[in-house]
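See below for the structure under consideration.
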Amino acid sequence: MSHPQVLFARRRPGQTVSLETYLQEGGYQALGGAVGKQAPAALRKLVLDSGLRGRGGAGFPTGQKWSFFPADAPGPKYLVCNCDEMEPGTYKDRELLVADPHALVEGMALAAYALGVTHGYVFVRYDYEDVFRALERAVAEAHGAGFLGERILGTDFGFELHVHGSAGRYILGEETSLLNGLEGVRPNPRLRPPFPAQRGLFGRPTTVQNVETLCNVPHIALHGAEWFKGLALTPGEAGTKLFGLSGHLNRTECFELPMGVPLREVVEVHGGGVRQGRRFKACLPGGASTPYLTAAHLDVPMDFGNLDRAGSRLGTAGVTVFDERTCMVAATLNLLTFFARESCGWCTPCRDGLPYVCYLLERFERGQAGREELALLKAQPAFINQSFCALAQGAMGPLEGLLRHFEQELLDHVTRGGCPFGGA
Amino acid sequence: MDAKLEQDIRAEFEPQIRACAHPQELVVHLLRAIQREHGWVPDEGVELAARLLGLQPIQVEEVATFYDKIYRRPVGRRVIHVCDSICCWSRGEQEIRAHLEARLGIRLGETTPDGVFTLLPTCCLGACGRAPAMQVGFRLYGELTPDRVDRILDEERRAAGQGDPP
Amino acid sequence: MPTLTIDEREVSVPAGASVLEAAEALGITVPHFCYHKALGAVGACRLCAVEIQAGPQHGLRMACLVEARDGMVVSTTAPAATGMRRAVIEYLMLNHPHDCPVCDEGGECQLQDMTVAGGHGVRRYRGKKRTFPNQELGPFVEQEMNRCIQCYRCVRTYRDYAGGHDFGVLGVRQRVAYGRFRPGRLESPYSGNLVDVCPTGVFTDKTVRFRARVWDMQCAPSVCPHCSLGCATWPWARYRELLRVSGREGPRTNGFFLCDRGRFGSGHANHPDRPRTPRLDGRELGWPEALEALRERLTKLTWAHGPGAVGLLTSGRASLESARALGLLGQALGGAPVVCEPHPRRDRAVRALVAELGQLGRDQEDVRQSDCLLLAGLDPEGEAPMLALAARQAVRRGARAAVWDPRPDRLPFPARRIARLPEALLEALARPDGRAPDGLEAAERESYAETRAALQAAERPVLLGGADLLGPRGVRLLLAAARALSRPGRACGLSLALPGPDSFGGALLCPDGPDADELLAGIEAGRVRALVCLEADPLSEHPDPARVAAALGRLELLVVLDHLPTASAARAHAVLPTTAAAEMDGAFVNHAGRLQGFARVYSAGLPIRVTGQGAHPPREFRPDTPGELPQPGWAVLAALAGEPVELGELRAELARSEPRLAGLAGLVAGGPGVQLALEPSARERPDTPAEPGVAEGELALLSVEALFGSEPLSARAAPVAGVASEDALALCPADAARLGLGEGEPARLRSALGEAVLPVRLAPGLAPGFALVQRRFGGPLEGFAPGGGPIACRIEKGGAR
C-alpha cells in the first residue's frame with residue numbers, strides 16, 4: 001500500500017541529498033516564498049491552522065507553542081532543534097536527517113523567520129555522528145548559498161545555525177534539560193515556570209522543536225494548511241508521520257505513513273507481519289515511554305487522538321512489536337532499566353523509585369515475588385508519576401501497560417515461581 | 001596527557017572561545033575533543049577545559065560526570081558500546097553480549113588486558129531497525145550475529161594495531 | 001493576600017507564598033527535604049506532597065511548588081499525600097546505610113525524623129545498596145556520602161547562596177554525589193553551613209566527631225562574639241566543654257547561616273591556658289580574698305592620688321553590662337573615666353559612627369534587600385564575613401555593587417572596583433556636586449560617576465565600610481556621603497563593620513571619654529598608676545606595642561579581667577577570670593545598633609575531658625566544680641566596686657541611665673532584639689583632620705584582619721588556629737619587582753607596628769604602593785594590630801626568618 005511521501009520524498013537509499021539535488025527538487029522554495037514576502041505572523045498563523053503537532057513525543061500543537069513565543073521582543077531569542085533522539089525504538093530523525101539534512105535547515109530558517117529568531121542550534125545526540133556530519137555539511141552549504149547567515153536571500157532577515165554534539169544522555173531530550181546541556185551546565189530539567197518561551201537558553205526566549213516537526217514546516221508553507229490536514233486519514237489529525245518499526249517484525253524499517261494509519265496496516269503490510277510466522281502479542285506504539293497495545297488494538301488508527309483514547313500515546317511513533325513468546329515482565333524490566341539508568345538524579349521518584357521498580361520486576365522474573373510484591377508494584381505509578389519531569393512519568397507508560405494488560409502474566413510468575421517464558 | 005595535546009586543543013578552541021558569547025557552552029565540545037585525542041578525559045583534561053573556558057574544574061567535572069560517553073577513566077583503544085535497549089533486547093542482544101564477553105574474555109565495564117577493547121553497555125543507539133546493534137567508537141554495526149561480531153572484532157583489532165582512529 | 005484552607009483551617013498569606021509556606025504559617029509542617037527558606041523551592045525531593053481538593057489546581061501536588069491561591073482547599077493528611085510521602089521515604093531509605101548508631105547526626109536528623117514520622121519501619125528492599133567513596137574535605141567538615149538523600153541543599157548553599165567555587169554535584173542517576181574536584185579543604189569561608197543544611201549525616205562537624213549526641217548537650221540562644229554583626233547562634237556544650245556552634249535563625253542578621261570563624265571559633269572557651277582562678281602577684285586566691293585585696297589597693301591609690309590614678313580600659317569584646325559595670329567601678333572610685341577600646345583610631349572611628357549614625361544604620365537583612373551597594377574600605381572576609389554573604393544575596397537579586405578599596409577583592413560576587421583608598425572618593429561623594437576627585441584615571445572617573453549615579457537612582461542603597469581602614473575621618477566621610485545621597489523619604493543607609501561584638505554598645509556608653517593614647521600618656525606622666533583592663537588586651541591591640549609594654553611596666557597595679565590567656569594578662573599583677581559569652585547571660589549591640597541578648601549555655605568549669613583525663617565520671621569527689629570560678633565581667637566589677645548586683649538590677653540601672661537602652665529591660669535572648677532609637681548627635685560635627693599620609697615613593701602598610709587567626713577569640717580555638725593562613729607580606733607584582741623580591745622570598749618589614757621577616761606573596765589585585773599583612777596571633781605578626789589605616793613602612797630584601 002503506497003502513501004504520499006512528503007518528508008521522505010527526496011530520500012534515496014544510502015544517499016544524503018546534497019544542496020544541488022535539494023534545490024533541483026524544490027528545496028528552499030518555501031523559504032524564498034516566505035522571507036521578505038510573507039509576514040512572520042502570517043507564517044505562524046499558517047502553522048497554527050495546519051494542525052501540526054510536535055513530533056518529538058508530547059504532541060503539543062506547534063502553532064499554539066509559537067503563539068506563546070514573544071516573537072517581537074527585542075534582544076536575542078533562540079530556536080533549538082531537539083535531535084537528542086534516544087528513546088528506545090525511535091530512529092526516525094536519524095533516517096530523516098541522514099537522507100535529507102537541508103529539509104531541517106530550511107525548516108529551521110522558516111521557523112526562525114516566523115518567530116523573529118536570529119540564532120539556532122541543532123542539538124544532536126553523541127552517537128549520531130552520521131547526522132552530525134550531514135548537518136554540518138548542509139549548514140555550510142546553506143551558508144554558502146545564502147540560505148543561512150546574514151541577509152538571507154538579500155533580505156534583512158539573518159539566521160545563524162550551530163550544530164551541537166552532545167555526549168550521551170536521554171534526559172537531554174527533555175527541553176529544559178537540553179537547554180542546560182547547551183549552556184554547558186549540568187543538564188537537569190528546569191523548574192517551570194518560567195517556560196522556555198519566556199526564559200530559555202541563556203535566559204532568553206527560546207523554542208525547542210523536534211526534527212520531524214521542523215521538517216514539516218517548509219511543506220506547510222508551500223502547500224498550505226488544508227493540504228497538510230488532508231494528508232491525515234483521520235479527522236482532527238494532520239500530516240504524515242514517520243513510523244520507525246522494530247522488534248519482532250519481518251521488515252524493521254522507517255516508513256512515512258499518513259497520520260491515522262491503522263496499527264494493523266503498519267504491522268502486517270509495512271512491517272511484513274510478525275517474523276517466523278508468530279502471533280502479534282503487543283507493541284509499544286510510540287517509543288519506550290508509551291503504554292503497550294495488544295492484539296485487541298490492531299485496528300486502532302495510529303494518531304494522537306485515537307491512541308490517547310486507546311490508553312496509550314502516539315509518542316515518537318517508534319513501533320516496537322513483541323511476538324507471542326515475549327515475556328512482557330522481562331520486556332518491561334528492560335524498559336524500566338533503561339529509564340532508571342537515564343535518570344538525571346534530580347528527583348526522588350525517578351532516581352530511587354525507578355530502580356526500586358526494577359528490583360521488584362526482577363523479583364518476578366526470578367520467581368521471588370509474591371502477591372505482596374504485586375500490590376507494591378501496582379502502587380508505584382501513582383508515586384512515580386509525581387516526578388519532577390516527564391522522564392519517570394514516561395517510564396510508567398510500559399509499567400502501567402503491563403499492569404493493565406498483562407497482570408495475569410505477573411501472576412503466572414508468582415504461581416510458577418519464575419518466568420513462564422524461561423527468562424532470567 | 002602530553003603538552004602537544006594541550007597545544008592542539010588550545011589551537012583548536014581558543015579562536016572559538018574568543019568568538020563565543022557564552023564560552024561555557026563549549027564545555028562538551030572541549031571534553032569530546034580531549035577524549036578524541038587522548039582516548040579518555042584525565043583530570044588534567046578537566047583542568048585544561050576549565051582553564052580554557054574560565055571555569056572552575058568542578059564546573060567541568062559536574063558536566064563530565066553527567067554524560068555517559070565522556071570517559072573519566074582509562075579505556076581501551078576501542079570502546080565497544082553494545083546496545084541493551086528494548087529493540088536489541090527483542091532481537092538477541094543477550095546472545096551478542098555474551099558472545100562479546102566470551103570472545104574478549106572480559107565483562108561489561110572491563111578492558112581487555114592488551115588495552116584494545118573496553119566493553120560497555122549503551123542505551124538505544126537509534127539503530128532499532130538494524131537490531132541487535134553495537135557501536136565501536138563512532139562506527140555503528142547492526143544486524144549482529146556472533147560470526148559478524150567476530151569479523152568486526154578482528155577488523156577493529158587490526159585497525160587499532162595500525163593506529164587508526166576509532 | 002490570598003486566603004486558603006489547609007487542613008480545615010483558614011489562613012491568609014502574602015501573595016506569592018507557596019502552599020508549604022502557608023501551612024507553615026498555620027504551624028503545620030509539611031515534611032520536606034530540599035525546600036529551605038533561604039534556598040527556596042526546587043522540587044527535587046518530592047516529599048512535600050499535599051492534596052489540593054479545591055481551587056485552581058486539583059490532586060496531589062508538591063506544596064513547595066504550588067502558589068497559595070484564594071479559595072484553595074488543601075489537605076496535608078489525605079491518604080494520597082501521606083502515601084506519597086511514605087513512598088518517597090521508602091525510596092530514600094533504599095540505599096541509606098542505617099548507621100544511625102554511629103552517625104553524628106543521630107537525634108537531630110531530619111531523615112531520621114521523617115522516616116519515623118512517615119511510619120517507614122520495615123525495609124522491604126533486600127537488594128544491594130549503592131555505596132560511594134568519601135572525600136577528605138579538610139578539618140571542619142566530615143563527609144559520609146552513603147547517607148546522602150540527594151536533596152541538593154549542600155550545593156545550593158555552598159555554591160548558589162555562598163558563592164563557593166570548589167564544590168559541586170558529581171555523577172548521575174542513582175549515583176549522584178557531592179564534593180570537590182579533588183579531595184582537600186573546602187575553600188569557602190562559609191563551608192560549615194553544609195553541616196547545618198544537610199538534612200542527614202552526610203556533612204557533619206568534624207571538630208566534634210563522635211563527641212556527643214544532641215540530647216546530651218546543653219544549648220541556649222546566643223549571639224556570635226567573633227565580629228560586630230551579631231549573628232544568631234546556638235552554642236552547644238557538654239561536660240563543661242563548649243563543643244560546637246550551629247546557626248540560629250536571625251531574620252535581621254544572619255538569616256540562617258554562619259561563617260566558619262563564628263562556627264568553628266568557639267574553642268577559645270576551652271583553652272587550656274585560660275584564666276580560671278583569681279590570681280594576685282603570682283598567687284592563686286579565692287574570690288573574696290582577691291576582690292578584697294584589689295578593692296583596697298585601688299581605693300588607696302585613689303585616696304592618695306585622686307580618681308585619675310586608676311585607668312579603666314575595655315574593648316568591644318566585653319558585654320554591654322560588663323562595660324557598664326566598668327563605668328560604675330569608675331564612679332565608685334570617684335570618677336575614673338573608661339577608655340572603651342585599646343586601639344585609639346578604632347575607638348574614634350566607632351565613636352564617630354555612634355555619634356552620627358542616627359537612623360542610617362543598616363543590618364544584614366537590609367543589605368540583602370538592597371538594590372545598590374558600595375563597599376568602601378571594607379574587607380568583609382576578615383572584618384565581618386557574613387556581610388559579604390548578605391551583599392551577595394543582594395547582587396543575586398540584581399543589586400549593583402561597587403568596591404573602593406586598595407586590597408585584593410575576595411568578594412563572593414562581582415563588583416566594579418576602584419583600587420584606591422576610599423577617602424578622597426567618599427569626600428567627593430559627600431560633596432553636593434559629587435564631582436570626582438582629582439588624580440583618577442579615566443576609567444576610574446567613569447566608574448566613580450557610574451557608582452554615584454547608581455546610588456542616587458537606587459531605592460535602597462547601602463554604603464558598607466570597615467572601621468579599621470576608614471578610621472574616624474573615613475567613617476565621618478562615609479556618614480556624610482550617606483547623608484548626601486539621602487533625600488526625604490528615601491535614605492541611603494550605612495553598614496559599618498566594627499572591631500568587636502559590642503564595640504557599638506561600648507561607644508554608646510562612653511561617647512567622649514579619653515582614648516587609649518591619652519590613657520598611655522597618663523601612665524607615662526605618672527598620673528595613672530593602676531589600670532583595670534576588662535576583656536581588653538592593649539599589648540596586642542594597640543598600634544604601638546612597645547609603648548604599651550613600657551607603659552604597663554610603669555604601673556603599680558595592672559588588673560586584667562579576661563577569659564583569654566592574652567599577652568596583657570600574662571603581664572598583669574592581678575588576673576580575674578571572667579566567663580565567655582556562652583557561659584553567661586548578656587547583651588551586645590551590633591554594628592547596626594541592634595541590641596541583642598544572649599543566654600548562658602552552660603556554667604564555666606574545667607571540662608570533664610580535662611579533669612577526668614578522658615574518663616567519666618571523674619574519680620575525684622569534691623563539693624565544688626573544678627574551674628568554676630570565672631564570673632561574668634559585670635559581676636566581678638560590681639563586686640570590686642563593693643556593690644554586688646544582679647543582672648536584672650544592672651540592666652534596669654542601665655536602661656534608666658541611658659534612655660536609648662530602654663529596650664534592655666524586656667530583652668529576651670533568642671528574640672529579635674531591639675533596634676536602638678538613635679538620634680544623630682546634636683553637637684557640631686568635628687572636622688577630623690586628615691591622617692598623616694605616606695610619603696611619595698614609600699609603601700603604605702595595611703595590617704588587617706584575616707578570616708582566621710586575627711580575631712582574638714577564634715584565634716585561640718584549636719581547629720581555627722590550624723587553618724590560619726601563613727604569615728606573609730603581600731605586594732603587588734610591580735612593587736615586588738622594584739624591590740627585587742619574588743614570590744616566597746624573605747623580606748624584612750619595618751614599621752611603627754613592629755618588625756618582621758616574612759615571605760613575599762605576589763598579590764596582583766593589590767593596588768600599587770601598598771604592602772599588606774594579616775595579623776595572626778601566635779606568630780611574628782601578633783603585634784601588628786589591625787585598625788591603624790595605612791602607615792609608612794620599609795621593605796627590604798632578605799633577612800633570616
Side-chain angles (χ1 to χ4, degrees), chain A residues 167-172 176-177 180-181 185-193 337-363 366 368-370 372-373 375-377 379-389 391-393 395, chain C residues 32-34 40-51 59-65 67 79-96 111 114 122-130 148-152 155 159 168-178:
Chain A
R169 276 286 160 213
Y170 172 65
I171 187 62
L172 284 110
T176 58
S177 168
N180 279 336
V185 300
R186 274 176 77 82
N188 297 116
R190 298 178 182 176
L191 208 56
R192 270 171 290 207
T337 304
F338 161 81
F339 286 107
R341 200 162 69 191
E342 293 303 320
S343 166
C344 77
W346 178 253
C347 74
T348 310
C350 182
R351 182 189 61 242
D352 294 322
L354 294 181
Y356 190 45
V357 171
C358 292
Y359 161 78
L360 291 172
L361 289 170
E362 249 169 54
R363 287 179 73 82
R366 294 207 188 113
Q368 297 161 330
E372 322 81 78
E373 270 86 353
L376 205 49
L377 193 64
Q380 298 311 308
F383 308 137
I384 294 179
N385 278 327
Q386 291 292 327
S387 60
F388 184 87
C389 82
L391 188 146
Q393 293 153 22
Chain C
H32 59 267
F33 288 122
C34 65
V42 295
C45 75
R46 314 310 277 183
L47 184 65
C48 63
V50 294
E51 191 175 271
L60 205 56
R61 291 285 186 282
M62 297 306 137
C64 71
L65 295 182
E67 194 181 320
T82 53
M84 177 68 195
R85 299 207 290 264
R86 197 173 301 125
V88 168
I89 293 287
E90 180 163 14
Y91 295 153
L92 291 173
M93 292 302 289
L94 294 177
N95 290 289
H96 190 79
L111 179 61
M114 296 302 157
V122 178
R123 179 191 212 91
R124 293 187 281 204
Y125 174 70
R126 300 265 171 276
K128 256 190 166 178
K129 291 183 190 177
R130 156 219 72 185
C148 185
I149 57 167
Q150 280 79 22
C151 68
Y152 292 80
V155 69
R159 274 235 307 248
V169 191
L170 306 166
V172 69
R173 55 173 171 264
Q174 216 183 7
R175 297 206 50 82
V176 170
Y178 304 87

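In what follows, every chain begins at residue 1, and chains take the letters A, B, ... in the order their sequences are listed.
Heavy atoms closer than 4.5 Å to chain C are found in the side chain of Tyr359(A), but not in its backbone. Both the backbone and the side chain of Gln380(A) come within contact range of chain C, judged by heavy atoms closer than 4.5 Å. There is no contact between Leu360(A) and chain C, counting heavy-atom distances below 4.5 Å. The contact between Leu60(C) and chain A is made by backbone and side chain atoms together, counting heavy-atom distances below 4.5 Å. With a 4.5 Å cut-off on non-hydrogen atoms, Arg186(A) touches chain C through its side chain but not through its backbone. Interface residue Pro355(A): only side-chain heavy atoms are found under 4.5 Å from chain C. Both the backbone and the side chain of Val172(C) come within contact range of chain A, judged by heavy atoms closer than 4.5 Å. Contact annotation for Ile89(C): neither backbone nor side-chain heavy atoms come within less than 4.5 Å of a heavy atom of chain A. Ala80(C) does not touch chain A: none of its heavy atoms, backbone or side chain, sits under 4.5 Å away. For chain C, the nearby part of Arg169(A) is the side chain; its heavy atoms alone come within less than 4.5 Å.
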May I have the step-by-step check of side chain to side chain contact (heavy atoms under 4.5 Å, CB included) for Ile384(A) and Tyr91(C), ending in yes or no? CA-CA 10 Å; Ile384(A) 294 179; Tyr91(C) 295 153; 3.5 Å; yes
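Heavy-atom pairs under 4.5 Å with chain A peak, among Gly171(C), Ala44(C), Gly127(C), Cys151(C), at Ala44(C). Counting heavy-atom pairs closer than 4.5 Å to chain A, the top-ranked of the candidates Met84(C), Arg46(C), Gln150(C) is Arg46(C). Top candidate by heavy-atom pairs under 4.5 Å with chain A, chosen from Val88(C), Ile149(C), Leu92(C), Asn95(C), is Leu92(C). Of the residues considered (Ala382(A), Ala379(A), Cys344(A)), Cys344(A) shows the highest number of contacts with chain C, using heavy-atom pairs under 4.5 Å. Annotation: maximal heavy-atom pairing with chain A below 4.5 Å, among Gln174(C), Arg126(C), Arg124(C), Arg175(C), occurs at Gln174(C). Contact tally against chain C (heavy-atom pairs below 4.5 Å) for Thr348(A), Asn188(A), Leu191(A), Ile171(A): the top residue is Thr348(A).
Annotation for Gly43(C) and Cys347(A): closest pair O-CB, 4.3 Å, computed over non-hydrogen atoms. The two atoms that bring Ala87(C) and Phe383(A) nearest to each other are CB-CD1, 3.2 Å, heavy atoms only. The nearest pair of heavy atoms linking Arg173(C) to Arg351(A) is O-CG, 3.1 Å.
Here the CG-NE2 distance, from Asp352(A) to His96(C), works out to 12.5 Å after rounding to the nearest 0.5 Å.
Ring geometry, Tyr125(C) versus Tyr356(A): the interplanar angle exceeds 60°, so the pair is classed perpendicular (tilted spans 30 to 60°).
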